[in-house]
Protein chains: 2
Amino acid sequence: MERLDSSTRARYEHRAKVFKALGHPTRLFIVEQLAKGELCVCELKKMIDADLSTISKHLSVLKNAGLVTDDKRGSNVYYHLRISPDGSLFACMDEAAAALASAFGGPDA
Amino acid sequence: MERLDSSTRARYEHRAKVFKALGHPTRLFIVEQLAKGELCVCELKKMIDADLSTISKHLSVLKNAGLVTDDKRGSNVYYHLRISPDGSLFACMDEAAAALASAFGGPDA
DNA sequence: TGGCGATTTGACTAAATTACCAAATAGGAG
DNA sequence: CTCCTATTTGGTAATTTAGTCAAATCGCCA
């Protein structure tokens with residue numbers, strides 16, 4: 001029987017950090033937009049109705065989870081994905097939606 | 001250009017809920033154990049060093065995210081996964097670990 | 001019926017998250 | 001150099017989450 005001891009826990013904390021970063025609608029949206037190509041903060045601002053500082057902090061969470069990197073060019077900061085848009089993390093998003101929908105009979109159940 | 005308006009946002013909130021549920025090491029551990037087969041709360045208790053009520057609440061979060069269901073049999077409550085252990089949500093966990101590791105040069109980078 | 005083991009729920013506290021505003025910083029243009 | 005734009009950071013209030021203990025439930029068995 002596997003037990004959640006401290007060394008096992010460290011491994012799970014590692015993974016949980018990535019899921020946690022994806023656990024916010026705005027961040028999930030950002031990740032999907034970046035899947036189409038890099039965007040600078042001001043471009044994301046046009047898409048998202050929130051304070052610029054809020055968006056900046058969401059980007060920082062994604063960066064700390066290893067999901068994106070930033071690249072300063074001129075006075076702009078461009079963000080792009082570190083994961084493949086064809087990878088399981090994206091397939092996973094659809095499965096996530098399906099899990100909830102099929103459980104509670106949502107619109108796309 | 002796609003915008004995160006209120007209806008779009010509702011869709012992302014839906015998905016984010018599932019990721020959020022996976023964004024805790026204990027819950028991630030529980031999900032992986034359940035991938036091997038159903039377990040009752042007292043069996044999970046043997047694996048996890050936390051208060052029984054804490055475990056119960058984690059299970060409730062997973063249930064609300066549509067990831068598990070419960071099944072009372074006798075005086076025990078058995079939990080089992082609602083998602084396939086072969087699906088992308090599991091493949092995704094490895095990718096999650098890899099994303100962080102490759103970003104920060106972790107042990108399994 | 002009475003009590004027991006298993007599990008959930010409620011009350012509560014501490015800690016983390018989120019959002020906004022204002023201020024700081026950094027680079028480029030004039 | 002100085003202003004302007006782009007972005008991040010710090011402070012703070014509101015909300016949510018995680019964890020613990022105690023109390024409430026529920027199904028069984030004597």
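In the text below, chain A, chain B and the rest are named by the order of the sequence lines, each starting its count at 1.
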> Of all the choices, dT7(C), dT9(D), dA19(C), which nucleotide is nearest to the side chain of R9(B) once you look at every atom?
dA19(C)
> Please report, rounded to the nearest Å, how far the C1' atom of dT9(D) is from the NE2 atom of H58(A).
16 Å
> Give one of base, sugar-phosphate or nothing for K57(B), where a contact means two heavy atoms less than 4.0 Å apart.
base
> Given the structure, check if the side chain of S75(B) and the base of dC4(C) hold any donor-acceptor pair shorter than 3.5 Å.
no
> Is the shortest side-chain N to carboxylate O distance from K17(A) to E13(A) below 4.0 Å?
no
> Give one of base, sugar-phosphate or nothing for T54(A), where a contact means two heavy atoms less than 4.0 Å apart.
base
> Counting only side-chain heavy atoms from C-beta out, which of dT8(C), dA18(D), dT7(D) sits nearest to L52(B)?
dT8(C)
> Base, sugar-phosphate, or nothing: which does Y78(B) touch, judged by heavy atoms less than 4.0 Å apart?
nothing
> Please answer: with hydrophobic residues joined when any side-chain heavy atoms are less than 4.5 Å apart, are L62(B) and F90(B) in the same cluster?
yes
> According to the interplanar angle, ranging from 0 to 90°, do the rings of Y12(A) and F29(B) count as parallel (below 30°), tilted (30 to 60°) or perpendicular (above 60°)?
perpendicular
> Mind checking if R73(B) touches a base, just sugar-phosphate, or nothing, with heavy atoms under 4.0 Å?
nothing
> Mind checking if S60(B) touches a base, just sugar-phosphate, or nothing, with heavy atoms under 4.0 Å?
nothing
> Would you kindly give the CG-to-P distance between N76(A) and dC4(D), to the nearest whole Å?
18 Å
> Touch check for K20(B), heavy atoms < 4.0 angstrom, all strands: base, sugar-phosphate only, or nothing?
sugar-phosphate
> Would you mind reading off the distance between K63(A) atom NZ and dT8(D) atom P, rounded to a whole angstrom?
7 Å
> Find the distance L59(B):CG to dT9(C):P and express it as a whole number of Å.
11 Å
> Which of these nucleotides, dC20(C), dA22(D), dT7(C), is closest to any side-chain atom of D51(A)?
dC20(C)
